[in-house]
Trainee: 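Have a look at this one.
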There are 2 protein chains.
Amino acid sequence: MRAQRDGARGVPDATVARLPVYLRVLTGLGERGVATVSSEELALAAGVGSATLRKDLSHLGSYGVRGVGYEVARLVQHVGRCLGLAEEWRVVIVGIGSLGRALANYSGFAPLGTRVVALLDSDPAVVGERVAGLEVLPSARTAEVVGELGVRIAVLAVPASAAQAACDAVVAAGITSVLSFAPVELQVPAGVELRSVDLSTELGILAFRERRRAAAAGELSPGLVAAEERVTTSAGATR
Amino acid sequence: MRAQRDGARGVPDATVARLPVYLRVLTGLGERGVATVSSEELALAAGVGSATLRKDLSHLGSYGVRGVGYEVARLVQHVGRCLGLAEEWRVVIVGIGSLGRALANYSGFAPLGTRVVALLDSDPAVVGERVAGLEVLPSARTAEVVGELGVRIAVLAVPASAAQAACDAVVAAGITSVLSFAPVELQVPAGVELRSVDLSTELGILAFRERRRAAAAGELSPGLVAAEERVTTSAGATR
DNA sequence: TCATGTGAACCAATTCACAGCA
DNA sequence: TGCTGTGAATTGGTTCACATGA
């Protein structure tokens, strides 16, 4: 089930996930007038190892100069093109609650070639409102919006209870890339790319690590430490 | 840089990242009155393979019954305890713009043992306002808020330009877990756990895959396809 | 007779270490 | 000289397949 053909001659998943980060760092360097950058410097700024960075960039072709480094402007161009920045990826936001509004007003994704072109909501009280310069349309018009505006990506900012239905609706309309903020595991047909961002999951992960730290520092009650012991199995935790 | 001692005898990072998902699915099953569940069913609902699920749970100890499956209530308890759900992890949100407000009003993380207890902002026009039942306090009081309220996790919802300073401030106040929504790479000292959620990165990843699909379908202009060829080198890509 | 729990095999990704080239 | 680009080694994680035990 795992992407075999990607491995064959494509770009590894892990690399793709880092490209937007590189692009952002490179853009920042360019704006500050930096002309060339070494893999060491760029890696530090991006929070990865220099070997990883060089290998990542090598997947996109050789764009550096040995003994010198990478020309920032050239690399920005190239990475940007690989990420599809030359085209405009149209996005629809489904669910115009407080999160949906925040996302609609978020200006940060224009640099990555995506643009919000439509807003949908199922609540008649919200439909018709103007948010971030766009009129909120009823969910019933999903297929029409997706088809006529050439939308390629759907962002779901609906409550957990409505997420699967909203997801099914955009998929039925032909969407093949979905980014969900709802705290549920969505089921999508094969061929649809689903990414999920979930605040409670992120906080849960942080809590797990904090808990480790607390256990190592002896801050937990005895009963809980016993439970923790089952988890760590060995003594020497971080301290 | 990477967590070596965790790897030594702890729970693998990849497993930790899935535990909140399992917990959510299990909680849902419990609420629907399901008493026992097999690894096959649970894995399907969580969107992972059954072998992965069994191995993940085995890291927490054996809590299943051979030939039968897992008792939902018992497993919810156990996974919850591992994630630190028995305690309350206090959270401060820094930056009360539209995203910060949405996060403050988000009810979905209570089930994972975290609770927002303070809101901070540097803008005098926002300080003093009440959001989600809490008064917005000035950033200058960061150290005081973190120390006196026992805050363990900071959520940064500030603009990119202010993120590093905000991060430095909470770290200086003693915070060791940071969840950032700002589109910049933050630098933190060793020992501080940083997670970053970035909308534009997520959309960039989706755009990359969409671009692949478009290239495979011959939808791109000739010049762009040439660039794409450099990247993919082979034809068929599934995911 | 089941489905769990787990060694072994496999695969992807990171890291090392150095060859190759401006 | 110095830094990129890349085979080789290593690490971490997933998947397989079956022994284990209710």
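Remember, predicted model here, so these are calculated numbers, not experimental data. Below, chain A is the first sequence line, B the second, and so on; all start at residue 1.
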Trainee: Salt bridge or not between A:Asp13 and B:Arg209? Use side-chain N to carboxylate O under 4.0 Å.
Mentor: yes
Trainee: Check whether any side-chain N or O of A:His78 sits under 3.5 Å from a backbone N or O of A:Ser62 as a donor-acceptor pair, and report yes or no.
Mentor: no
Trainee: What are the residues of residues 38-53 of chain B, sorted by number, that bring a heavy atom to within less than 4.0 Å of DNA chain C?
Mentor: B:Ser38, B:Ser39
Trainee: Before accepting this row, confirm whether a basic side-chain N of the pair A:Arg195/A:Glu193 lies closer than 4.0 Å to the acidic partner's carboxylate O.
Mentor: no
Trainee: For the pair made of OH in A:Tyr63 and P in C:dA22, what is the distance, rounded to whole Å?
Mentor: 17 Å
Trainee: For a side chain to side chain donor-acceptor pair (under 3.5 Å) check, start with the C-alpha distance between A:Ser196 and A:Asp198, then their side-chain angles and the critical distance, and finish with the verdict.
Mentor: CA-CA 6 Å; A:Ser196 196; A:Asp198 174 24; over 6 Å; no
Trainee: Out of D:dG5, D:dT14, C:dG5, which nucleotide sits closest to the side chain of B:Ser62?
Mentor: C:dG5
Trainee: Mind calculating the distance between NE2 (A:His78) and C1' (D:dT4) to the nearest angstrom?
Mentor: 15 Å
Trainee: What's the closest nucleotide to the B:Arg54 side chain, out of D:dT4, C:dT14, C:dG5?
Mentor: C:dG5
Trainee: State, to 0.1 Å, how close B:Gly204 and A:Leu83 come at their nearest heavy-atom pair, and which atoms those are.
Mentor: O-CD2, 3.8 Å
Trainee: Check the distance between C:dA13's C1' and A:Leu19's CG and give it to me in whole angstrom.
Mentor: 15 Å
Trainee: Expressed in angstrom and rounded to an integer, what is the separation of B:Lys55 atom NZ from D:dT15 atom P?
Mentor: 11 Å
Trainee: Considering only side-chain heavy atoms of A:Asp13, which listed nucleotide, D:dG13, C:dA13, D:dA8, is closest?
Mentor: C:dA13
Trainee: To the nearest 0.5 angstrom, please state how far the OG atom of A:Ser177 sits from the CZ atom of B:Phe208.
Mentor: 12.5 Å
Trainee: With a 6.0 Å cut-off (strictly less than), is the heavy-atom count around CD of A:Gln164, excluding the residue itself, greater than 12?
Mentor: yes
Trainee: Under 4.0 Å: is that the gap between some side-chain N or O of A:Arg18 and OP1 or OP2 of C:dT14?
Mentor: yes
Trainee: Where along residues 66-77 of chain B does a heavy atom fall under 4.0 Å from DNA chain D?
Mentor: B:Arg66, B:Gly67
Trainee: Between A:Thr176 and B:Glu210, is the side chain to side chain donor-acceptor pair (under 3.5 Å) condition met? List the steps.
Mentor: CA-CA 8 Å; A:Thr176 50; B:Glu210 274 292 321; 2.4 Å; yes
Trainee: Has A:Gln187 got more than 12 heavy atoms of other residues, nucleotides or ligands less than 6.0 Å from its CD?
Mentor: yes
Trainee: On DNA chain C, nearest-nucleotide positions of A:Val65 versus A:Thr15: which is more 5'?
Mentor: A:Thr15
